[in-house]
A.B. asks: 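Got a structure for you, questions after.
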Amino acid sequence: MTLQTETTTKTQNGTETTAPAGRSATERGGASYAGLLERVRHEGAYPTRERAEHAVRSVLAALGRQLVGDERVELAARLPLEAALTLTAQIPATIPLTGWEFVKDLAQRTGNSLATIRWDVGAVLTPIARLVGPDLTDRIIRQLPSGYALLFGKAELLPGRGSQQGCAGGERPLTDA
């Protein structure tokens with residue numbers, strides 16, 4: 001068994017967060033923070049690294065208010081330390097938001113338009129989904145209310161309304177029989 005030390009850091013809003021101490025992003029198995037910012041800058045076509053960093057911080061803070069449990073811990077472990085601290089500095093909300101409510105809430109908090117925030121969310125969560133892998137991304141999406149799959153750059157497939165699950169309009173599924 002290995003003993004891991006932790007460090008407590010005070011964030012800009014005065015809350016304290018705890019994260020593994022003395023380990024770089026590459027030692028933690030993830031990309032560097034600079035690498036994440038470059039991916040987000042490319043995905044969002046942002047003119048500067050600072051604009052990309054603003055998007056990363058606001059979106060991860062908002063996600064930190066929604067995500068709980070093992071998925072939150074595992075996501076933080078796979079993110080670069082700076083991104084993990086932003087995510088974990090937030091206290092999870094008592095009432096989870098749908099994907100659309102998530103975008104509206106973030107727009108209200110930042111004072112940006114819905115279109116800008118929707119763009120920012122996709123520009124941040126799509127590269128994060130690639131970084132953490134499909135298994136964890138799918139678990140995160142399953143934990144959250146509807147509407148998050150598209151924000152992570154994935155299709156959100158819903159069961160059909162017909163009598164048989166997965167068939168639109170009650171049509172019978174195709175079978176080999």
Side-chain angles (χ1 to χ4, degrees), residues 4 15 17-20 25 28-31 33 35-37 39-40 42-44 52 55-110 112 114-175:
Q4 292 186 353
T15 60
T17 59
T18 303
R28 295 172 69 220
Y33 188 61
L36 174 61
L37 292 180
R39 288 182 186 136
V40 170
H42 177 75
E43 186 79 28
V56 167
R57 289 186 183 279
S58 62
V59 170
L60 285 178
L63 185 61
R65 290 188 290 275
Q66 297 303 308
L67 202 55
V68 297
D70 292 342
E71 289 76 15
R72 178 184 172 107
V73 172
E74 193 170 338
L75 176 59
R78 292 189 191 186
L79 290 172
L81 183 59
E82 298 89 335
L85 290 173
T86 300
L87 177 84
T88 59
Q90 306 303 310
I91 297 170
T94 55
I95 300 173
L97 302 174
T98 65
W100 174 237
E101 292 167 336
F102 176 84
V103 170
K104 288 192 314 187
D105 179 66
L106 189 52
Q108 183 178 18
R109 288 175 185 266
T110 63
N112 289 321
L114 290 171
T116 298
I117 293 303
R118 175 59 187 92
W119 183 270
D120 288 351
V121 170
V124 172
L125 295 183
T126 299
I128 285 178
R130 283 190 227 112
L131 175 69
V132 303
D135 292 339
L136 178 56
T137 300
D138 289 345
R139 287 185 11 237
I140 290 169
I141 292 168
R142 278 194 302 270
Q143 182 196 109
L144 296 167
S146 68
Y148 282 86
L150 289 174
L151 301 177
F152 279 92
K154 299 180 71 115
E156 185 161 7
L157 303 177
L158 302 174
R161 296 181 200 192
S163 59
Q164 297 185 17
Q165 185 174 352
C167 298
E171 299 171 323
R172 294 188 340 189
L174 297 175
T175 62

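Sequential numbering from 1 along the given sequence is applied to the chain's residues. Keep in mind that the numbers below use all heavy atoms, side chains included, and drop hydrogens, waters and symmetry copies.
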A.B. asks: Taking the side chain as every heavy atom from C-beta outward, state whether Leu131 and Arg39 have any atom pair closer than 4.5 Å.
C.D. replies: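 Leu131 reaches Arg39 side chain to side chain.
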A.B. asks: Which atom pair, heavy atoms only, marks the closest approach of Gly44 to Ala123?
C.D. replies: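 Between these two residues, the closest heavy atoms are CA-CB, 3.6 Å.
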A.B. asks: Between Gly122 and Glu43, which heavy-atom pair has the shortest distance, and what is it?
C.D. replies: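 Between these two residues, the closest heavy atoms are O-CG, 4.3 Å.
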A.B. asks: Roughly how far apart are Leu75 CG and Thr137 OG1, rounded to 0.5 Å?
C.D. replies: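 Atom-to-atom, Leu75:CG and Thr137:OG1 are 8.0 Å apart.
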A.B. asks: Mind checking the OG1-CG spacing from Thr126 to Leu150? Nearest 0.5 Å is all I need.
C.D. replies: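 One gets 9.5 Å once the value is rounded to the nearest 0.5 Å.
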A.B. asks: Heavy-atom distance under 4.5 Å between the side chains of Arg72 and Pro92, does that happen here?
C.D. replies: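 SC-SC contact between Arg72 and Pro92 confirmed.
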A.B. asks: Find the distance between CG (Leu136) and CD (Glu71) and round it off to the nearest 0.5 Å.
C.D. replies: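 Spacing of CG (Leu136) from CD (Glu71) equals 7.0 Å.
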A.B. asks: Which heavy-atom pair separates Ala107 from Leu114 by the least distance, and what is that distance?
C.D. replies: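 Nearest heavy atoms, Ala107 then Leu114: CB-CD2, 3.8 Å.
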A.B. asks: For Thr86, give me all partners under side-chain hydrogen bond (donor to acceptor under 3.5 Å, both in side chains), at least two apart in sequence or on another chain.
C.D. replies: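 By the side-chain hydrogen bond (donor to acceptor under 3.5 Å, both in side chains) rule, Thr86 matches Arg57.
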A.B. asks: Once side-chain hydrogen bond (donor to acceptor under 3.5 Å, both in side chains) is applied, do any residues pair with Arg118, and if so which ones, sequence neighbours excluded?
C.D. replies: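 By the side-chain hydrogen bond (donor to acceptor under 3.5 Å, both in side chains) rule, Arg118 matches no residue at all.
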A.B. asks: For Thr110, what residues pass the side-chain contact (heavy atoms from CB on, under 4.5 Å) criterion, not counting sequence neighbours?
C.D. replies: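 Residues passing side-chain contact (heavy atoms from CB on, under 4.5 Å) with Thr110: Ser58, Leu106, Asn112, Ile117.
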A.B. asks: Taking the side chain from Arg65 and the backbone from Gln90, do they hold a donor-acceptor pair closer than 3.5 Å?
C.D. replies: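 Checking the backbone N and O of Gln90 against the side chain of Arg65, no donor-acceptor pair under 3.5 Å is found.
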A.B. asks: Which heavy atom in Leu60 sits nearest to a heavy atom in Ala83, and how many Å separate them?
C.D. replies: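 Distance-wise, the nearest heavy atoms are CD1-CB, 3.5 Å.
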A.B. asks: Who are the salt bridge (Lys or Arg N to Asp or Glu O under 4.0 Å) partners of Lys154, not counting sequence neighbours?
C.D. replies: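 Asp138.
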A.B. asks: Check the pair Val124, Leu63 against side chain to side chain contact (heavy atoms under 4.5 Å, CB included), reporting the backbone distance first and the verdict last.
C.D. replies: CA-CA 11 Å; Val124 172; Leu63 185 61; over 6 Å; no
A.B. asks: For residues 80-103, pull every pair meeting ring pair (Phe, Tyr, Trp, His ring centres under 6.0 Å), keeping only residues two or more places apart or in separate chains.
C.D. replies: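 As it turns out, the ring pair (Phe, Tyr, Trp, His ring centres under 6.0 Å) pairs with a partner in residues 80-103, which skip direct neighbours, are Phe102-Tyr148.
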A.B. asks: Does the side chain of Leu36 come within less than 4.5 Å of Ile128's, by heavy atoms?
C.D. replies: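 The answer is yes, as the side chains (C-beta and beyond) meet within the 4.5 Å cut-off.
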A.B. asks: With sequence neighbours left out, what residues match Glu74 under salt bridge (Lys or Arg N to Asp or Glu O under 4.0 Å)?
C.D. replies: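 Per chain and number, Glu74 pairs via salt bridge (Lys or Arg N to Asp or Glu O under 4.0 Å) with Arg78, Arg139.
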A.B. asks: What's the separation between atom OG1 in Thr88 and atom CG in Leu85, rounded to the nearest 0.5 Å?
C.D. replies: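 Between Thr88 OG1 and Leu85 CG, I get 5.5 Å after rounding to 0.5 Å.
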A.B. asks: Can you give me the closest heavy-atom contact between Pro96 and Pro145, atom names plus distance?
C.D. replies: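 Closest pair (atom of Pro96, atom of Pro145, distance): CB-CG, 3.7 Å.
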A.B. asks: Ignoring hydrogens and geometry, is there a side-chain-to-backbone donor-acceptor pair from Glu156 to Gly147 under 3.5 Å?
C.D. replies: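 Yes: the side chain of Glu156 pairs with the backbone of Gly147.
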A.B. asks: Within a radius of less than 6.0 Å around CD of Gln108, do more than 12 heavy atoms belonging to other residues, nucleotides or ligands occur?
C.D. replies: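 No, CD of Gln108 has 12 or fewer neighbouring heavy atoms, counting only those of other groups under 6.0 Å.
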A.B. asks: Are the side chain of Gln66 and the backbone of Leu97 linked by a donor-acceptor contact shorter than 3.5 Å?
C.D. replies: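 Yes; judged by distance alone, with no hydrogens or angles, the pair exists.
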A.B. asks: If you compare all heavy atoms of Ala149 against all heavy atoms of Ala155, which two are closest, and at what distance to 0.1 Å?
C.D. replies: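 Looking at all heavy atoms of both residues, the closest pair is CB-O, 3.8 Å.
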